[in-house]
2 protein chains.
Amino acid sequence: MIHPRPAGQHTVRRHNCALVLGAIAESSGLSRAGVAASTGLTKATVSTLVDRLAAASLVRDEGPQRRDGPGRRGTSLSLNPDGPHGLGVEIAVDHVATCLVDLTGQVRWSRVSPAANRAQSPGRVLGRVAKAVAAALAEAARRGVVVGGAGVAVPGLVEASTGLLRRAPNLGWQDVDVPAELRARAGLESVEVLVGNEANLAAYAELQAGGHDGVRDFVHVSGEIGIGAGLVLGGELYDGTRGFGGELGHFPVSSRGPECSCGARGCLERLAAQEAILERAAAPDLPSLLGALESGERKAVAAVRAAARPLGTALSSVLNLLDVPAVVLGGTYARLHPWLAEPLREELTRRVLGAPWSPIDVLCSPLGTEAAVRGAAASAVRTIVADPDTFIAASGRA
Amino acid sequence: MIHPRPAGQHTVRRHNCALVLGAIAESSGLSRAGVAASTGLTKATVSTLVDRLAAASLVRDEGPQRRDGPGRRGTSLSLNPDGPHGLGVEIAVDHVATCLVDLTGQVRWSRVSPAANRAQSPGRVLGRVAKAVAAALAEAARRGVVVGGAGVAVPGLVEASTGLLRRAPNLGWQDVDVPAELRARAGLESVEVLVGNEANLAAYAELQAGGHDGVRDFVHVSGEIGIGAGLVLGGELYDGTRGFGGELGHFPVSSRGPECSCGARGCLERLAAQEAILERAAAPDLPSLLGALESGERKAVAAVRAAARPLGTALSSVLNLLDVPAVVLGGTYARLHPWLAEPLREELTRRVLGAPWSPIDVLCSPLGTEAAVRGAAASAVRTIVADPDTFIAASGRA
DNA sequence: CTCGATAAGTTCAGTCGCCAAACTATTGGG
DNA sequence: CCCAATAGTTTGGCGACTGAACTTATCGAG
């Protein structure tokens, strides 16, 4: 059993610091008095904590508010966009991406470097990654911003407890300690480095920047190579007991169906991933499929429809099991959204038990292929916003 | 968004009180010094908190420990079995069950009253339940124990946020506020009353009393009427976003298959629930099926095997999605365990991706039909153990 | 223009729970 | 009999929040 920690006054301050910052993050432009009202803390306490947050340049004082009626005006507080940034890194089979995201979740800088990483040794790939990270750090230095944390998105199973990348089939890696490697190779010694599965982090990006506002519970699916899924429950990424959660590709959706690499038959992945759709539509690649769809070719439209059924079958089971009211389509599926959404919604409505009471949303991700890097950076920013006191303490002694 | 609460010193004490009690619960017979070591608190703090817990009769001083070597002996501390009890209530279609469980999780008293509750009005049934609760409270009074909380298991969807029983198909109920009704009818005014889905609470009972020691992550399935499932993740009951989680009965496992009441085809429930097995085995009821199995009748054995496949298909999807390493068979499935476990394990081993690395346990519940009531009572006890300070404050002013 | 009403933000003594360290109590061994 | 070792208690101090009084800022009415 993981032992919970004893609490002391410092714990109280940590909690309340996070509470105050959270209130400011949630509604920008709040005054100290407003924060006090929304958190339940006293004005005195809020003042102290805001001073602390401002000193660490997490919060910015934006001058007096507009108000009508008598009384002194409050000072607008908001997250400081020039405060610490989160560094996002994505290691994919064909590229390495990096970006810098500010506290408000805005992407302030990003870069993608093509790289043939498939079946390359970890050392070689991590060398490339270290270079890209160095460039990002240089950019941050040029802008005079502190990098407060880093997140790395990887295409494989990440063990939550250890941070180890257990298996990455497409890279051919096994048991690689990515954070340790990057800390050593790329001058990230003083920064917290998180790793996460690429599909899970894409889901998190969707929550943070997707603009489906108010939707705090959904399943995010994207179908590039295989099918990646990520769960967001109650505004938090849910990644299972050991962090392996969200494996959806091998859902058995057809007792017959083609054989899969996993040994079973009728896996979702073989029926609804990008490759399966292209094959059925007799399209050589995604652009040509999209072209065919736009000109309304029956074969292409039918291929997408055919993928919607098994996808809907699998997702409806997830929705029934976890009681989630929305599905977000990302990656390739986002581009197919106009043709995919309706048949998918039909299938879900038919199969989800709660559908008659609360209709199911099938949403489209606006983030495209950048979702995973953004999610990685956002998860780094999250660690600061969710626990500012630790960040302040760390930057104080550094 | 649900607003988190501000923290103060009282929050610290609450947290540490729970920490100390948790340490004692986890390893009975610990001394104050032992608690201090395992929690990280100082001996001074532990002493204060233990006094507090002892004054509320949550913790009992059991005299000096045995130790070898020099030094003063510590005093053994353990959960007080004569401290507050949890009251468990189960409202089923054919009976009402009640029980009293002490802080250690032992059932100290229980009673089952047959009752034809199917399709009866809530008022009528709750009248019966109130009577059973009154009898349980009288028994508690006779024993001189305080009832510190109550849990009610119901066969339907319970909304976590409101505690409302949204739908109970087998009872024919809709939107019933069970806690409020019971508080009003059964003299439970001063006691916290929790409601939960019967399958989820059975899973919780399994965690608490099932004796699969060390297993803190599993799916619990039982097949009486329909198929009920409950998830335990990291030693906590997981009941989904709104508390509707664990719906497994309508997993689509066969694209053909018989039509189901939900409108779809090939639902797990129609293929693997008790009724389906009996029908296939041509057995009139469960006892006769068990008899046939014990005398090795091929038709009966084949029927159970036939149910194992779809069950395994559905469960493997859950295991892949949530990364859980064990399945516990309860209710009817527990009785079929000798014939069901092996084919089920085979199916799971074939389909679960992580199986080659960590084998999947298929365990048998020893709790029988009492699981749900016990789980209800245990969940009531849990609220005390997980937050003793609130209990102490409440009993102090009462 | 001044004064009163209203609201934001600050200051300060008070309270509460934890901590560190010193102290008392108990036990086995030389 | 005294010492080393361990359990538990007492005491003074500290940090973080609270409540209430106080200062600052703004508007509108006379």
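Chain identifiers are assigned alphabetically (A, B, ...) following the order of the sequence lines, protein sequences preceding nucleic acid strands; residue numbering begins at 1 within each chain. These numbers were taken from a predicted model, which means no experiment stands behind them. When reading the values below, keep in mind they use all heavy atoms of this one structure, side chains included, and skip hydrogens, waters and symmetry mates.
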Between atom [atom1] in [X] and atom [atom2] in [N], what is the gap in whole Å?
{"X": "L77(A)", "N": "dA8(C)", "atom1": "CG", "atom2": "C1'", "answer": "12 Å"}
{"X": "R32(B)", "N": "dT10(D)", "atom1": "CZ", "atom2": "C1'", "answer": "15 Å"}
{"X": "D51(B)", "N": "dT9(D)", "atom1": "CG", "atom2": "C1'", "answer": "10 Å"}
{"X": "L30(B)", "N": "dG8(D)", "atom1": "CG", "atom2": "C1'", "answer": "14 Å"}

side-chain hydrogen bond (donor to acceptor under 3.5 Å, both in side chains) involving [X] - partner list, sequence neighbours excluded:
{"X": "R183(A)", "value": "none"}
{"X": "Q65(A)", "value": "none"}
{"X": "R72(A)", "value": "none"}
{"X": "R143(B)", "value": "E139(B)"}

When you check every protein heavy atom under 4.0 Å of nucleotides 21-30 of chain D, what one-letter string (B, S, -) results, 5' to 3'?
---BBBS---
Heavy atoms under 4.0 Å is the rule here; annotate nucleotides 11-19 of chain D 5' to 3' with B where the base is hit, S where only the sugar-phosphate is, and - elsewhere.
---BBBSBB
Pair Y238(A) + Y238(B): ring centers closer than 6.0 Å:
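Yes: the rings meet the under 6.0 Å criterion.
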Do you know which two heavy atoms are closest between L79(B) and P81(B), and how far apart they sit?
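Minimum heavy-atom contact is O-CD, 3.1 Å.
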Starting at CD1 of I384(A), measure out to CD of E192(A) and round the result to the nearest 0.5 Å.
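With rounding to 0.5 Å, CD1 (I384(A)) is 10.0 Å from CD (E192(A)).
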Does S47(A) put a side-chain nitrogen or oxygen below 4.0 Å from OP1 or OP2 of dT10(C)?
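Result: yes.
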Look at the side chain of R216(B) and the backbone N and O of E236(B), then say whether any donor-acceptor pair between them is shorter than 3.5 Å.
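Not a single qualifying donor-acceptor pair exists.
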